[in-house]
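Reading through the structure tokens given below for one structure.
Computed over heavy atoms, backbone and side chain alike; hydrogens, waters and symmetry mates excluded.
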Amino acid sequence: MRILPFILGSAALLAAPLLASAQAPRRHFDAQGRAFYRGPLRLTAGGGVALYNGDLTTSPTQSRPGACVQAGVIYPWRPHWAVGAELGWFQLGSYDQLRERNLAFRSRNLALSSYLRFEPLTDPGQYSITGANAATVKPFLQAGVGLLLYNPKAYTGTEPLSQQAILDPERDDYPATGLTLPVGGGLSFLLARGLYLTAQGTYVFTSTDHLDDISRRANPLRNDGYGLAELKLEYTLR
């Protein structure tokens, strides 16, 4: 019953910037009195790998990589700053670093986040109503908050999940929800006018220790997290 409200809320948040971008461009002024234009909206889509970090590992590189796909929107708010929202699906998994404990897990997850992006280099395109002379390379840092819907299955052994006995879940409300704090950065490369290729890395802190359904069996005082390494296309709507 939690999945439908999650999807509807995600759609509403992602659609909100579309309403803002539908208005005619208006001039605004930065701290030096130069006129700039907000927007236009950019649509983003892409994918990559997701890496778990939690009770079964000491770093994300020890996890079993899973696929991830993302779609979202970015709205340049003023020079150097943009806001965005993103909806993603990803898989996580890992085997146990402690052979004597012999645990493992797999999960499929949904995540919704909104974020603030900082671009340290000036983009001349934001000072033109047509977006002319846009920067060809744009490094950025970003941080945000979000919601996570996760549904793990823990099991024993090192073979694929289909060949193992699934452990009894540590809680009875899966799929469960949690809060997230994604932080990261990347580089955007201009491929053609209005089209960017973005390479991005993100680490996501979470409010739960049950991302792997292994808490009481391991360390209940340490919350789980995960990392994302992605390539995305960003398309500018004009």
Side-chain angles (χ1 to χ4, degrees), residues 1-17 44-75 82-94 105-118 140-154 169-171 173-186 198 200-215 218-232:
M1 294 297 292
R2 296 181 179 181
I3 297 178
L4 183 57
F6 186 89
I7 294 176
L8 292 177
S10 302
L13 183 56
L14 292 179
T44 74
V49 296
L51 301 168
Y52 153 87
N53 186 31
D55 294 320
L56 301 185
T57 66
T58 56
S59 75
T61 58
Q62 295 177 318
S63 73
R64 185 177 181 180
C68 69
V69 292
Q70 305 254 13
V73 291
I74 300 176
Y75 187 72
V83 294
E86 200 163 54
L87 178 65
W89 175 92
F90 61 97
Q91 290 181 305
L92 292 177
S94 181
F105 89 101
R106 270 294 201 185
S107 70
R108 293 179 173 87
N109 318 274
L110 281 174
L112 172 69
S113 64
S114 59
Y115 57 84
L116 180 66
R117 175 179 289 190
F118 172 65
F140 64 87
L141 299 172
Q142 69 181 46
V145 295
L147 294 173
L148 175 68
L149 185 69
Y150 59 100
N151 189 21
K153 286 181 171 52
E170 290 195 347
R171 51 191 294 178
D173 61 347
Y174 293 126
T177 57
L179 299 176
T180 62
L181 178 62
V183 295
T198 295
Q200 182 175 339
T202 306
Y203 186 80
V204 183
F205 299 91
T206 80
S207 64
T208 179
D209 187 36
H210 288 94
L211 202 58
D212 47 16
D213 194 38
I214 296 169
S215 179
N219 181 5
L221 301 179
R222 177 190 177 194
N223 285 347
D224 301 323
Y226 59 94
L228 301 171
E230 303 170 279
L231 283 176
K232 304 176 183 178

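Here the CD atom belonging to Gln200 is positioned 5.5 Å from the CD atom belonging to Glu230, to the nearest 0.5 angstrom. With rounding to the nearest 0.5 angstrom, the CG atom of Asn53 is 9.5 Å from the CG atom of Leu51. From Leu221, atom CG reaches atom OG of Ser215 across 8.0 Å, with rounding to the nearest 0.5 Å. Put simply, CG on Asn151 and CG on Asp173 are 10.0 Å apart, with the number rounded to the nearest 0.5 Å. Separation of atoms OG1 (Thr177) and OH (Tyr150) is listed at 7.0 Å; rounding is to 0.5 Å. Put simply, OG on Ser94 and CD1 on Ile214 are 8.0 Å apart, with the number rounded to the nearest 0.5 Å.
Between the side chain of Thr180 and the backbone N or O of Pro182, no donor-acceptor pair lies under 3.5 Å. Of the possible polar contacts, one joining the Arg222 side chain to the Gly54 backbone as a donor-acceptor pair under 3.5 Å is found.
For the pair Tyr174 and Lys153, the minimum side-chain heavy-atom distance is 4.5 Å or more. The side-chain heavy atoms of Leu148 and Leu211, taken from C-beta on, include a pair separated by under 4.5 Å. Looking only at side-chain heavy atoms (C-beta outward), Leu147 and Leu179 come within less than 4.5 Å of each other. Contact annotation: the side chain of Asp213 never approaches that of Phe105 to less than 4.5 Å [non-hydrogen atoms, C-beta and beyond]. Using a 4.5 Å cut-off on side-chain heavy atoms (C-beta onward), Thr57 and Tyr52 make contact.
Of all heavy-atom pairs spanning Asp55 and Ala218, the tightest one is CB-CB, 3.6 Å. Among all heavy-atom pairs drawn from Ala111 and Phe90, the shortest one is CB-CE2, 3.9 Å. Taking all atoms of both residues into account, the shortest heavy-atom contact from Val49 to Cys68 is N-SG, 3.7 Å.
Using a 3.5 Å distance cut-off with no hydrogens or angles, the side chains of Asn109 and Tyr226 do not pair a donor with an acceptor. No side-chain N or O of Lys232 forms a donor-acceptor pair with one of Gln70 less than 3.5 Å apart.
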Using the rule given for side-chain contact (heavy atoms from CB on, under 4.5 Å), can you reason through Phe140 versus Thr198, listing the C-alpha separation, both sets of side-chain angles and the distance that settles it, and then say yes or no? CA-CA 10 Å; Phe140 64 87; Thr198 295; 3.7 Å; yes
Set out, in order, the CA-CA distance, both residues' side-chain angles and the distance that settles side-chain contact (heavy atoms from CB on, under 4.5 Å) for Asp224 and Leu92, then state yes or no. CA-CA 11 Å; Asp224 301 323; Leu92 292 177; over 6 Å; no
